[in-house]
Undergrad: 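There's a structure below that I have some questions on.
Remember, predicted model here, so these are calculated numbers, not experimental data.
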Amino acid sequence: MEVFTFEKSYLERLKEAEAVLSWEGAVMPASQVRSEWKSYVELKIEPAGWQAIWKIPRVICEDLKLRYPTIVYGYVEQVIFDELKAVFIVTAVQDNDVHLPESNEVSLVELWPTVKQENSALNVDTTAECIDRLRFFYTHVWMPWDKDYDDDRDWVQQHLEARIQLVCDLSKNRLPRPLALHMRTLLNEAHYIQQRLDFLELDLSDAESDDEAVELNDNATEPARKQPKTGSANGSLNVSTLPVTDLMCLHLRMAIIKSEFEILENPEMRRAYSELQSNSLKRLRSLSGKARQTEDLLTERTPITHVVTMPGKLQQQLDLLKLAQTLVKPETQVQLSNTLQDVLSICQSNDDILLSPGEHTIKFLEHLNDNGSLSGLVHPETILTPAVDLSTLPVVCSSDEDSTLLVIDGDYTLSQLVLDCRHVRRGILLRNGTLTMRGCRLLGDGNSSTQEGIVCMPGASVELKSCLIENFAVGVSMRSRSSAEMGSVQFKNCITGLELLEKTASVNLQGSKCTFDTCKLGILADGLAFEKGRTEKSLFLKEFSELQRYNEENILGNCCFNNCKRNVRVYNESDQLLAQRSHQRLLEEELEGENKENILLA
């Protein structure tokens, strides 16, 4: 099953948006933008009966405890033009454990019409292109705060061309990479916050209506019970338990993002921001003893080792330096530093970094690559000791608005570290190269159904030795043509320990020392060929050796399963909801903020 995809240039996107927003009034206020899109959609989209894929939003996946992204198949029973939504009837799911209301009220931008339709008389090509234009506009051009603009301002004149140009600049890598990643991060966070706000405010309004119903039935024998909302994906959800103060925090964070983004939206301000960052970097280099002539900055220097220490007693510092002495070659230059954030800002790709015990908070908008390393100044066995206090270990964590803790784009080594991923959606995104991890512990929040420990993009490889990955929705996710070698790796308390999302993904569990402990599902393997005559969507297996029979070339080694609800689940390649190309496209959409070529514009 294939879905429609479109690749268009900046100029094409601009002309399309201008055609939709060609209002006859003197100015186009922000309040009129949505009305123009409603009119356009009414002319272009089939009102009912077309098949589509629904990519369930992250906020609903989190509330329903579903894996993200979760993709289901169905048809549109009715388009609600005034709200740019549709009543979507679910007819097929990839996973039988996914339970959704049959009828769901969803946003049009969450739907991807399929190329093959039961009713060939439908004009589905035009429908798909219209939704693509709508999705591009509301994903990349329209900001959540635009609806609050004053009506006497011309929104089109002020924002349309500038924002589409910004999308093009981001996709063409015309901005400094740290600035580009920062802006993508702000955009992704703003859209997520808006979805969360809409979701929570809907719950609160439902709760208020229930309270009114109870008051009206005070004299009845039994108060009126809440009924699911007809035609809503939220109908079966309980009212959110988040307090109103959390809603206020989301509004406050949105206001901060708005203020910052409105500054960066202006090309001149972006230039000034980049110059300010460059000057700050020069000051850091100067303070760290690296000031030199401009021509020297263009040449690679000899790699050095940065030792990052936390405040402590003199004897503690001396003990750390003695341990560092055993890890650093005598001829290597060493630089003492105060914070990991400063070191990441000034170090070169092939430098080594040593971290003292303590919490090292970062907001790193670059990638790590080219044979560098990040290691903790502790004895290897200490990291994996269950009862040890985290404050006595080198811990790397991130601020709660970041989406990914570390992005790796080349060969890199992590050792003797705790990666605290409880405030991020993803621990490590491995875009390219080989990541080697020894004696590391990745810690998730234990609650999210969408949080990932390590994601290996196509062609990347990871080597894990003596590591602990715990409390994630997915411990390690392997995309097509990626590979993993694991020895003495423990997956603990994960919803899914290891997932192989395509049959070309390979894994070698060296020996039999890898374990899956107390996971809901130990290993998920997608897209494998079943024996002739088998018609099931999926099979549950007890042993790793049974899985090997389905993919002998790419699945090697052995492992143990302890107290897992299910050990191995295999999905049939002949029973996929989506064609591989479409499935890969939708899978990679949630990684836009960490990828350079995140929007396909010619």
Undergrad: Mind listing the closest non-hydrogen atom pair of Leu443 and Phe472 along with its distance?
TA: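 Of all heavy-atom pairs spanning Leu443 and Phe472, the closest is C-CZ, 3.7 Å.
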Undergrad: Give a yes or no answer on whether the side chain of Ser449 reaches the backbone of Cys61 with a donor-acceptor pair at less than 3.5 Å.
TA: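 Checking the backbone N and O of Cys61 against the side chain of Ser449, a donor-acceptor pair under 3.5 Å is found.
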Undergrad: Restricting to non-hydrogen atoms, name the atom on Lys520 and the atom on Lys565 that form the minimum distance, rounded to 0.1 Å.
TA: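 Nearest heavy atoms, Lys520 then Lys565: O-CB, 3.3 Å.
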Undergrad: According to the side chain to side chain donor-acceptor pair (under 3.5 Å) rule, which pairs have a member within residues 316-327, sequence neighbours left out?
TA: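 Output for this query lists Gln315-Asp319.
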Undergrad: Looking at Thr404 and Val407, would you say the former's side chain and the latter's main chain have a donor-acceptor pair under 3.5 Å?
TA: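 Flag not set: sc Thr404 to bb Val407 has no pair under 3.5 Å.
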Undergrad: Is the shortest heavy-atom distance from the side chain of His140 to the side chain of Leu170 under 4.5 Å?
TA: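 They are not in contact (no side-chain heavy atoms under 4.5 Å apart), so the answer is no.
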Undergrad: Mark yes or no for whether Gln451, through its side chain, and Val424, through its backbone, hold a donor-acceptor pair below 3.5 Å.
TA: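 Pair found, side chain donor or acceptor close to backbone of Val424.
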Undergrad: Which pairs with one or both residues in residues 380-395 pass side chain to side chain donor-acceptor pair (under 3.5 Å), sequence neighbours excluded?
TA: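 Checked against side chain to side chain donor-acceptor pair (under 3.5 Å) - neighbours excluded - the pairs reaching residues 380-395 are Asp389-Ser391.
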Undergrad: Distance-only, no hydrogens or angles: does the Asp63 side chain make a donor-acceptor pair with backbone N or O of Ile60 under 3.5 Å?
TA: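 Judged by distance alone, no pair lies under 3.5 Å.
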Undergrad: Could you pull out all residues at least two apart from Pro380 that satisfy side chain to side chain contact (heavy atoms under 4.5 Å, CB included)?
TA: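 Testing Pro380 for side chain to side chain contact (heavy atoms under 4.5 Å, CB included), a comparison that skips the adjacent residues, returns Gln416.
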Undergrad: Between Leu498 and Leu524, does the side-chain contact (heavy atoms from CB on, under 4.5 Å) criterion hold? Intermediate values first, please.
TA: CA-CA 6 Å; Leu498 170 66; Leu524 181 150; over 6 Å; no
Undergrad: Which atoms form the tightest heavy-atom contact between Cys456 and Val462, and what is the distance?
TA: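 That closest heavy-atom pairing would be SG-CG1, 3.7 Å.
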Undergrad: Checking Asp169 against Arg174 for the salt bridge (charged side-chain N to carboxylate O under 4.0 Å, His left out) test, could you report, in this order, the C-alpha distance in whole Å, the side-chain angles of both residues, the deciding distance, and whether it holds?
TA: CA-CA 5 Å; Asp169 289 346; Arg174 293 172 182 163; 3.2 Å; yes
Undergrad: Please test Leu374 against Leu417 for side-chain contact (heavy atoms from CB on, under 4.5 Å), starting from the C-alpha separation and ending with a verdict.
TA: CA-CA 8 Å; Leu374 182 61; Leu417 293 171; 3.8 Å; yes
Undergrad: For Ser373, does its backbone N or O pair with a side-chain atom of Tyr412 as donor and acceptor, under 3.5 Å?
TA: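 Checking the backbone N and O of Ser373 against the side chain of Tyr412, a donor-acceptor pair under 3.5 Å is found.
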Undergrad: Do NZ/NE/NH1/NH2 and the carboxylate oxygens of Lys258 and Glu189 come within less than 4.0 Å?
TA: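 Here Lys258 does not pair with Glu189 in a salt bridge, since their nearest N and O are not under 4.0 Å apart.
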Undergrad: Hey, is NE2 on His251 packed in by over 12 heavy atoms from elsewhere, all under 6.0 Å?
TA: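 Yes, NE2 of His251 has more than 12 neighbouring heavy atoms, counting only those of other groups under 6.0 Å.
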Undergrad: Restricting to pairs with a member in residues 483-502, which pass ring-ring contact (aromatic ring centres under 6.0 Å, His included), not counting sequence neighbours?
TA: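 Output for this query lists Phe491-Phe516.
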Undergrad: So, Asp517 and Gln490: side-chain donor and acceptor under 3.5 Å apart, yes or no?
TA: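 Gln490 and Asp517 do have a side-chain donor-acceptor pair below 3.5 Å.
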Undergrad: I'd like to know if Glu553 and Lys503 make a salt bridge, using a cut-off of under 4.0 Å between side-chain N and carboxylate O.
TA: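 Salt bridge absent between Glu553 and Lys503.
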Undergrad: Excluding sequence neighbours, so at least two apart, what forms side chain to side chain donor-acceptor pair (under 3.5 Å) with Glu331?
TA: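 Not a single residue meets the side chain to side chain donor-acceptor pair (under 3.5 Å) criterion with Glu331.
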Undergrad: Could you tell me whether the side chain of Val378 reaches within less than 4.5 Å of the side chain of Pro357, counting heavy atoms only?
TA: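 The answer is yes; the side chains approach within 4.5 Å.
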Undergrad: Kindly say whether Asp342 contributes a backbone atom to a donor-acceptor pair with the side chain of Thr339 at under 3.5 angstrom?
TA: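 The answer is yes, because a donor-acceptor pair under 3.5 Å joins these two groups.
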Undergrad: Lys492: which residues meet the salt bridge (charged side-chain N to carboxylate O under 4.0 Å, His left out) condition with it, sequence neighbours left out?
TA: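 By the salt bridge (charged side-chain N to carboxylate O under 4.0 Å, His left out) rule, Lys492 matches no residue at all.
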Undergrad: Test your reading of the model: is there a side-chain donor-acceptor pair from Glu470 to the backbone of Gly475, 3.5 Å cut-off?
TA: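 A pair under 3.5 Å: no.
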Undergrad: If you count every heavy atom of other residues, nucleotides or ligands that lies below 6.0 Å from Glu262 atom CD, does the total exceed 12?
TA: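 Yes, CD of Glu262 has more than 12 neighbouring heavy atoms, counting only those of other groups under 6.0 Å.
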Undergrad: With rounding to the nearest 0.5 angstrom, report the OG to CZ distance, Ser477 to Arg426.
TA: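 Nearest 0.5 Å value for the OG-CZ distance: 9.5 Å.
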Undergrad: Within 45 degrees of the ring normal and closer than 6.0 Å to the centroid, is that where the cationic atom of Arg425 sits relative to Tyr192?
TA: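 Positive - Arg425 is close enough to the ring of Tyr192 and near enough to its axis.
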Undergrad: What I want to check is whether the side chains of Ser488 and Ser466 have a donor and an acceptor closer together than 3.5 Å.
TA: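 Judged by distance alone, the side chains do not pair up.
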Undergrad: Is a side-chain N or O of Glu543 found less than 3.5 angstrom from the main chain of Asn567, in a donor-acceptor match?
TA: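 Such a contact is absent between Glu543 side chain and Asn567 backbone.
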Undergrad: Rounded to the nearest 0.5 Å, how far apart are CG of Leu429 and CE of Met457?
TA: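 Leu429 atom CG to Met457 atom CE measures 6.5 Å (nearest 0.5 Å).
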Undergrad: Kindly indicate whether the side chain of Leu66, heavy atoms from C-beta on, has any atom under 4.5 Å from the side chain of Ile56.
TA: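 Contact flag for Leu66/Ile56 side chains = yes.
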Undergrad: Any donor-acceptor pair under 3.5 Å linking the side-chain atoms of Gln341 with those of His360?
TA: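 Their side chains do not contain a donor-acceptor pair, so the 3.5 Å distance test is not met.
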Undergrad: Which atoms form the tightest heavy-atom contact between Ile383 and Val418, and what is the distance?
TA: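 That would be CD1-CG2, 4.1 Å.
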Undergrad: Can a side-chain donor-acceptor contact be found between Thr185 and Asn188 if the only test is distance below 3.5 angstrom?
TA: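 Side-chain D/A pair, Asn188 to Thr185: absent.
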Undergrad: If you count the non-hydrogen atoms of other residues, nucleotides and ligands that lie under 6.0 Å from NZ in Lys465, is the total more than 12?
TA: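 Yes, the 6.0 Å shell around NZ holds more than 12 heavy atoms from other groups.
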Undergrad: Could you tell me which non-hydrogen atom of His306 sits nearest to which non-hydrogen atom of Ser337, and how far apart they are?
TA: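 It is ND1-OG, 4.2 Å.
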Undergrad: Can a donor-acceptor pair be found, under 3.5 Å and without considering hydrogens, that links the side chain of Arg566 to the backbone of Phe540?
TA: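 No, the answer is negative, given that no donor and acceptor are paired below the 3.5 Å cut-off.
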Undergrad: What are the two closest non-hydrogen atoms of Phe544 and Leu556, and how far apart are they?
TA: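 Between these two residues, the closest heavy atoms are CE2-O, 3.4 Å.
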Undergrad: Hey, is Arg67 close enough to Glu499 for a salt bridge, meaning N to O under 4.0 Å?
TA: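 Glu499 and Arg67: salt-bridged.
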Undergrad: Assess the residue pair Leu166 and Phe261 against the criterion (side-chain contact (heavy atoms from CB on, under 4.5 Å)); give the C-alpha distance rounded to whole Å, side-chain angles, the decisive distance to 0.1 Å, and a yes or no.
TA: CA-CA 12 Å; Leu166 175 60; Phe261 193 84; 3.8 Å; yes
Undergrad: Checking side-chain polar atoms at under 3.5 Å, does Thr332 have a donor or acceptor matched by the opposite partner on Thr305?
TA: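 No donor-acceptor contact under 3.5 Å links the two side chains.
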Undergrad: Report the C-alpha distance between Leu320 and Leu354 in whole Å, list the side-chain angles of each, state the deciding distance to 0.1 Å, and finish with yes or no for side-chain contact (heavy atoms from CB on, under 4.5 Å).
TA: CA-CA 10 Å; Leu320 287 174; Leu354 299 178; over 6 Å; no
Undergrad: Pairing donors with acceptors under 3.5 angstrom, does anything connect the side chains of Arg481 and Thr504?
TA: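 Absent: no donor and acceptor within the cut-off.
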Undergrad: Is it the case that the side chain of Gln335 and the backbone of Ile304 share a donor-acceptor pair, with hydrogens and angles ignored and the cut-off at 3.5 Å?
TA: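 Not confirmed, Gln335 side chain does not pair with Ile304 backbone.
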